Structure formats: C-alpha cells, structure tokens
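Source: prediction; values computed, not measured.
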Amino acid sequence: MAPVAVNENYLKTLQVFGDVNEQLNVAVEGYLTRRIIERLKTIRERLDEFEARYGTSYRAFMERMQLDEEFYNQTRQANVLWEQDALEWMYWNEELRDWTEKLDAFSKKS
C-alpha cells in the first residue's frame, strides 16, 4: 500500500499513547466503523421506503410477484415502475449484506 502522510503534530501526540502505527490503526478502525454504521443507516432508510411502499420485505415481495398472480396484477396496476423499484430494492439489499459483513469483520477483529 502507498505511504500515507500524517500531520507531524498528530504523530508526536500519538507517541504519548504508545506505538504510533497501532494508534493509527485503532483510529482508522474507529473511523471506518462509524462510517459503515452511517452507511447502514442510509441503506436501512432506503429499504424502509420500499417496504412501506409495497407493504412487505423484498424477499416476500419477489416471492409473491412470482407466485401470486393477483398480487402481481395489483402491483403492476398500482406502480408501472415496479420493476425498476425491484432492481433498486435488490441493490439496497445487497448493499446491506455487504456493509454488514464489513462491519462484522471489524467487530470480530477488535
């Protein structure tokens, strides 16, 4: 990985707390954890919007669209863009899984 420039004053202060590399890794891990949690909140908001719009989870929605002809017809009539919604909904579900795995990896490492 490429070297990273860190403010000299930060480095001097970090030395007070121990090994600078260890302190930097702890700081970056904390920062990344906070950012991932923020990302997960955004993802959850998007998923909540779709669940409110269609009254169900993504998995149940897709299952009903495939197996319940009446639900399929009602959904098509109520929202002609349901297929685009389904694609975006799938994307946010995958994002939730990916970012949750990243957060779990940090949690297990700590």
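Here the OG1 atom belonging to T75 is positioned 8.5 Å from the CG atom belonging to D68, to the nearest 0.5 angstrom. Atoms CH2 and CG, on W92 and L47 in that order, are 8.5 Å from each other to the nearest 0.5 Å.
Using a cut-off of 4.0 Å between Lys/Arg side-chain N and Asp/Glu carboxylate O, E51 and R44 are scored as salt-bridged. A salt bridge does not link R97 with E94: every distance from a Lys NZ or Arg NE/NH1/NH2 to an Asp or Glu carboxylate oxygen is 4.0 Å or more.
One hydrophobic cluster holds both L11 and V4 under the rule that ILVMFWY side chains link at heavy-atom gaps under 4.5 Å. The cluster map of Ile, Leu, Val, Met, Phe, Trp and Tyr, joined by side-chain heavy atoms under 4.5 Å apart, puts V26 and Y31 in different clusters. Grouping the Ile, Leu, Val, Met, Phe, Trp and Tyr side chains by contacts below 4.5 angstrom, directly or via other members, places L87 with F61.
Counting only N and O atoms by type, the side chains of E70 and Q74 include a donor and acceptor under 3.5 Å apart.
Shown here for M62 and A86, the closest heavy-atom pair between the two residues is SD-CB, 4.1 Å. The shortest non-hydrogen separation linking F106 to E29 is O-OE2, 3.6 Å. Nearest heavy-atom pair, L96 versus T100, reported as atom, atom and distance to 0.1 Å: O-OG1, 2.6 Å.
A donor-acceptor pair under 3.5 Å is absent between the side-chain atoms of Q15 and the main chain of V20, judged by distance alone.
Other residues, nucleotides and ligands contribute more than 12 heavy atoms inside 6.0 Å of the CD atom of E38.
Side-chain atoms of L40 and E95, non-hydrogen and from C-beta on, never get closer than 4.5 Å to each other.
Between Y58 and W89, the ring-plane angle classifies as perpendicular under the 30° and 60° cut-offs.
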(request) Verify side chain to side chain contact (heavy atoms under 4.5 Å, CB included) between Y54 and N79, making sure each step is shown before the conclusion. (result) CA-CA 10 Å; Y54 292 100; N79 188 346; 2.7 Å; yes

